[in-house]
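Chain identifiers are assigned alphabetically (A, B, ...) following the order of the sequence lines, protein sequences preceding nucleic acid strands; residue numbering begins at 1 within each chain. Please read these numbers as outputs of a predicted model, since none were measured by experiment.
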Amino acid sequence: MPQKSLFDFSPQPKKPAAPETKKTAEALPPQPTVTQEKKQRKRRVYPPLAPENLPASYFVSATYDGRQRKAVVKLYEPQSGDIYFWYDNTGHKPYCLTNLSLPDLEKMERVVNHQGYNHSEILEVCDPLADKKITVTKIVTDDPLAVGGKPQGSIRDIIPEDYPKDAPMEPKVWEAKIKYYQSYIYDTRYLPGMIYEVKNGSLVPCVFEEAEKTIANLKGLFKDATDEELEYVEEWARLIEYPAPKFRRAAIDIEVYAPLSTRVPDSREAVYPVVCCSLYSSDDEKKVLVLKRPGVHEGNCPMPPDSQIEYYETEEALLRAVFDILWDYPFILTFNGDDFDLRYMVHRASNLGIDRRDIPIDIGRRVCLLRYGIHIDLYKFFFNRAVQIYAFNNRYRDVTLNDVGKGVLGMEKIKNEKTIGELTYTELAAYCLRDSEITYKLTSFEDELAMKLILVLTRISSMPMEDVSRQGVSRWIRNFMHREHRHRHMLIPNSEDILAEKGKTSTTAVIKGKKYQGAIVVEPVPGVHFNVAVMDFPSLYPSIIKVWNLGYQSIRCPHPECKSNLVPNTPHWVCTKERALESLLIGSLRDLRVSWYKNRAKDKSLPQEQQNWYKVAQGALKVILNASYGVFGAESFDLYCPPVAEATAAIGRHSINQILSHAKAVGVQVLYGDTDSVFLKNPTKEQIAEVIHFTEHELKMGIDMEKTYRYAVFSSRKKNYLGVLEDGSVDVKGLTGKKKHIPIFIKDAFNQMKERLAQVKNPADFEKAKKDIADIVRTRYMTLKRREWQDMNQLAFNVVLGDDLAHYTKTTPQHVKAALVLQTSGVEIKAGDLISFVKTIRPPHVKPVELASRNEVDVDKYIAYLHSTFDQVLDALGLSFDEIIGLTKLERFLA
DNA sequence: GCGGACTGCTTACCT
DNA sequence: ACAGGTAAGCAGTCCGCG
C-alpha cells in the first residue's frame, strides 16, 4: 500500500473523453473538443523556455546551444505533456586537462589566442594508473568546439603539435573527447531520467518519500556490504525506484511514391513525393495524412475504428502538417526514422522550398534529432544485440518492423503486393497506419515496458534518452564509469595509456584470432539421463569482478607488495590496497540485481503494475551486467583493458574446475557444464548442499540450483542438448532443428519430435515415443522422395547476408550465390538482408525460392539435412536414421 | 587431371 | 563495435597419385 503512490505520477488525460463515451464512439458524431484542444496545442513559441517555476518534470535530454553558449536541458512535464527547455544557470564551461604546467601552456600562442579560449587553472586530481595525486592544468573554453571536434585548430590537437619536440616531457591532453553535454551532466551531478523541478529559475531534484523508504530498507538485505558498496547499492536503487511518467508520444511513418518497387527511395536525394504519413499516438490519435493525386481512387479498404484520413492538396501542406505533429509531441517514435522517414522529409521539404527554420528536424550524419522533442528510433533500439537477447529474450530474430512486431506483439505489417502508386487511398492509408500502430505498440505493450526500459537505462548510464536508445551497451557502461571518475576527482585516463601501462594478454585462445582464452565447456556424457540437476553461478563474471577487485586500476597495480596476489594460471596480480571503481560499480549492481530485483520481479504478491516495473529493472540490470566483463576485452571500449578480461575468464575457469573436482569428491557424476553451470546426474540433497557449501566458502561466490530436468538428452556435441523440465516444457539448446536458417519443412519435423519427447515421463515411455519419432522422420523422408511438399517456401533456407555483396571476395557461400541471382533480376540487396534459397540439382546448386520450381530441387541434399538434424538426437535415443529409412525401402519393396 | 584431406570462411548458436 | 567457444556446411587449396 505505501508503494502505491509511486505510480500515481501520471499525466492528466489529454482529452476529457470518458470511457463511456468511448464505447459508443462510433455511434456519436465527431467530438468537437478533440479538434479544439488540438488547435490549442499547436505550435508553441520556440524555444519553449521553462518558466521560473515548473512542477516536477523529467530530465530527458541535454544538449548544447551554440548561440547562447550554454548547456540546455530538455524537461518533460508529464501533467501537460509538454517539453520545456531549461538553460544552464551555473556558468559551467567546456574544458580539458593537460600535463603542461600553467606557464608552459601560456607560452603556447595558438592556445591562449584561440578564439574560444577562456582561461586556465591548476587542478589536483587522482591519477588512477599511478595511484597518486597529480597536478594538471585545466583549460577552460567558451565553446566545446575549441577543445575538440573541428577538423583542425582544436586545442586538443594544437598542444601536441606546438609543444617542442625536444622537450623532456611528452605532452598529454585528457578528457578532450567527452561530449560537452555529458561533461556538463557529470559535473553538475544532474541525473538524466530523474525528476526535477524548476524553482526560482534553478533546477532542483524532487524527492519521493516512498521510494526513499524502500531504499532505506535495503540496508538489511546487504549486511555483508561495505559502507562504500552500500552507498552505491542505494544510489542505483534510487535510479530504479523513482517513478516513471506516462510518455505522451506519437509514432509516425511515411510512404513515398516510387516508380520501382524493388528500390527503396534514397533519403538523401528525396526525388519522389511523400504521399502519405500516418500517426498513432498516446492521445488516441489514429490519423493518416494523404496526398491527393490525380487518378487515384478512394477504394473501400477497411480502416481501424476511430481512425481518420485527412487529404492534402499539396505535398507541402502535407509536410507542414506532419511538422506540426513534430512540434507538438514530446516523444516521436519511428522505425528507422534516422535513416529514412525524418531524413527524407528534411530533404524533401528543402527541395520543395520550405524554410529550414520551419523544419523541426536537426539532421546529423547518422541521426535525426528533433528541435522540440525527443526522437526515438526504435529500429536502433531493437537492433541492439544486448536488448534483443537479454531484454526481449530473442523473441525476434530479424530487426524488421514485421519481424519485431510479430515476435514481440504478434502483429504483422499489412501484406501488400502492389506498388505504392497502385494502391487506392484507403489501401495506402490502412497499410501506412498499421506501420505506425506496430511502432507505437512496440512501446506500449506490457505496460509501456520498452519506454520504461529506455528510461531506466537513461538513468543508469547518465545519457540523454536519444543517445541511450541508439548507442550500444559499452557506451552505457563507459558513461556511468566516467561519471564516477569525475565524482571522485579521478583523471579519466586515455585508452592508449591504459594499454601501455597494463599491457596485453598472456593466455592463448582456443579460437584462432582471439586475444585470450575464454570459458570452459565440459565434454557431455552422451545418452538419455533422468533427473538432471542444473546448478549455476548467477552473474558469474560480475561476481568475479566484485570478489576479486578487478578493474583497470587494480590489475597489475603499481604497488610491489601486491604482486604476490596472483590470478590463477595467469601472470597478473591484483591490488590489495585500493578498491577498483569497476569492481565497486559492477559489484554493487550485481548485488542489487541478485539480492533484490530478481526476487521482486517474480514476487506475485506485488501489484501487477509494480511487478512489471521490477521486471523492467531486472531486465535493464541483466543487459548491463551481461556485458560488463566483455567490454574490458573490446578495443572500442574507452577503458579497454585486456588483462582484466583475461583475468575474469581465468578465474571463471578456475571456479568451474574447482566445482568439477569437488563434485567428483562427493561422488556425483557431472554430465555437462558450460562456463558457469554444471549438470549433475541424479544428485542427493546432501550432495547439492555440499557443492553449495563448498562454493560459498572456498570460492566466496553464490551458486544456485537453477532447474531440474525430468530427463536430458546429450549427444557428444558441446552446446547441443535437449532437456525436458518437470512441467513438460522443453529446453532445446544449439540443435540444428532450432536454428533459424533451417527450412520450415525440417524444423516442423523437429518440433513434432520435440512435442513427442515432452510427453515422456519415464524410461518405459521412451519405447513408444521412439516408434512415433521414427514415423515422423519416415513421413518427412517419403514426402521429400515423392516431391510432395506443400510449397517451395517450406524448403527455403533463410540466411542473413552478413555483409554487402561486394565484400565476399574470399569465398562465395550459397546464400551469396542466391543473392547475386536476385541482384541480377533487379532486386536491391544490402547487408543484413535475409536471403531465402532452395538447393537445386544443377549448378550453381542454389536458386532464390521465388525462382525455383518443384522438379529442380535437389531432394538428396534435403534428405542429408534431415539426416544430420535428427542424428543429433537420434543417436542418443538409440535410433538410427538409416534404419528408419531402410525399413521404408523394405516396405516399398514388399508392396 | 582427380579426389580426399585439409584449412578457412561464414553463419548461427551457447554462456 | 561487449567477450570467447562450438557446430555445421561449404568453398577453396594442397598433395599424392607412377
Among C:dG5, C:dA3, C:dG12, the one nearest A:Q517 by side-chain distance: C:dG5

query: For residues 740-753 of chain A, which residue pairs qualify under side chain to side chain donor-acceptor pair (under 3.5 Å), counting only residues two or more places apart or in two chains?
result: A:D398-A:K740

statement: Here the salt bridge (charged side-chain N to carboxylate O under 4.0 Å, His left out) pairs for residues 536-549 of chain A, sequence neighbours left out, are A:K546-A:D591

field: Ion pair A:K719/A:D674, N-O distance below 4.0 Å
entry: yes

task: Check each residue of residues 792-800 of chain A for a non-hydrogen atom within less than 4.0 Å of any atom in DNA chain B, then write out the ones that pass by number, or none.
output: A:V799, A:V800

message: Under the salt bridge (charged side-chain N to carboxylate O under 4.0 Å, His left out) definition, can you give me all pairs with a residue in residues 829-840 of chain A, not counting sequence neighbours?
response: A:K830-A:D833

Side chain to side chain donor-acceptor pair (under 3.5 Å) contacts in which one or both residues fall within residues 515-525 of chain A, not counting sequence neighbours: A:Y516-A:Y629

statement: The complete set of ring-ring contact (aromatic ring centres under 6.0 Å, His included) pairs with one or both residues in residues 465-484 of chain A, sequence neighbours excluded, reads A:W236-A:F480

- request: Just report the end-to-end axis angle for the helix from B:dG1-C:dC17 to B:dT15-C:dA3, five pairs per end, to 10 degrees.
  value: 20°

- request: Could you check whether A:T812 gets within reach of a base, just the sugar-phosphate, or nothing at all, counting any heavy atom under 4.0 Å?
  value: sugar-phosphate

- prompt: Going by the angle between their ring planes, with limits at 30° and 60°, are A:F382 and A:F392 parallel, tilted or perpendicular?
  reply: tilted

message: Is it the case that the ring center of A:F714 lies less than 6.0 angstrom away from the ring center of A:Y672?
response: yes

task: Let me know the distance between NZ of A:K515 and P of C:dA1, rounded to the nearest Å.
output: 16 Å

message: If you take the centroid of each ring, where Trp contributes its six-membered ring, are A:Y862 and A:F797 closer together than 6.0 Å?
response: yes

Range on DNA chain B touched by chain A, heavy atoms, distance below 4.0 Å: B:dG8 to B:dT15

message: Mind checking if A:R475 touches a base, just sugar-phosphate, or nothing, with heavy atoms under 4.0 Å?
response: nothing

- prompt: So, A:D731 and A:K707, do they make that salt bridge, N to O below 4.0 Å?
  reply: yes

- prompt: With a non-hydrogen cut-off below 4.0 angstrom, is A:Y808 in contact with a base, only sugar-phosphate, or nothing?
  reply: sugar-phosphate

N/O to N/O distances under 3.5 Å, protein versus nucleotides 6-8 of chain C:
from: C:dT6; atom 1: OP1; to: A:K718; atom 2: NZ; distance (Å): 3.0
from: C:dA7; atom 1: OP1; to: A:K718; atom 2: N; distance (Å): 2.9
from: C:dA8; atom 1: OP1; to: A:R717; atom 2: NE; distance (Å): 2.5
from: C:dA8; atom 1: OP1; to: A:Q872; atom 2: NE2; distance (Å): 3.1

- request: Could you tell me which residues satisfy side chain to side chain donor-acceptor pair (under 3.5 Å) with A:E582, sequence neighbours excluded, listed by chain and number?
  value: none

query: Touch check for A:T811, heavy atoms < 4.0 angstrom, all strands: base, sugar-phosphate only, or nothing?
result: sugar-phosphate

- prompt: Once you round it to whole Å, what is the distance between P of C:dC2 and CG of A:D638?
  reply: 12 Å

message: Students often get this wrong, so: under 4.0 angstrom with heavy atoms, is A:V732 touching a base, only sugar-phosphate, or nothing?
response: sugar-phosphate

message: Need one value for A:F537: base, sugar-phosphate or nothing, where a base atom within 4.0 Å counts as base even if backbone is also close, heavy atoms only.
response: nothing

- prompt: Please, which pairs that meet side chain to side chain donor-acceptor pair (under 3.5 Å) have at least one residue in residues 793-808 of chain A, sequence neighbours excluded?
  reply: A:D791-A:N793, A:N798-A:S836, A:D803-A:H807

task: Remember a base hit wins even if backbone is also touched, and classify A:A645 as base, sugar-phosphate or nothing at under 4.0 Å, heavy atoms.
output: nothing

message: Using the side chain to side chain donor-acceptor pair (under 3.5 Å) criterion, which residues pair with A:R556? Sequence neighbours excluded.
response: A:H572

query: For A:G630, which contact category applies under a 4.0 Å heavy-atom criterion: base, sugar-phosphate, or nothing?
result: base

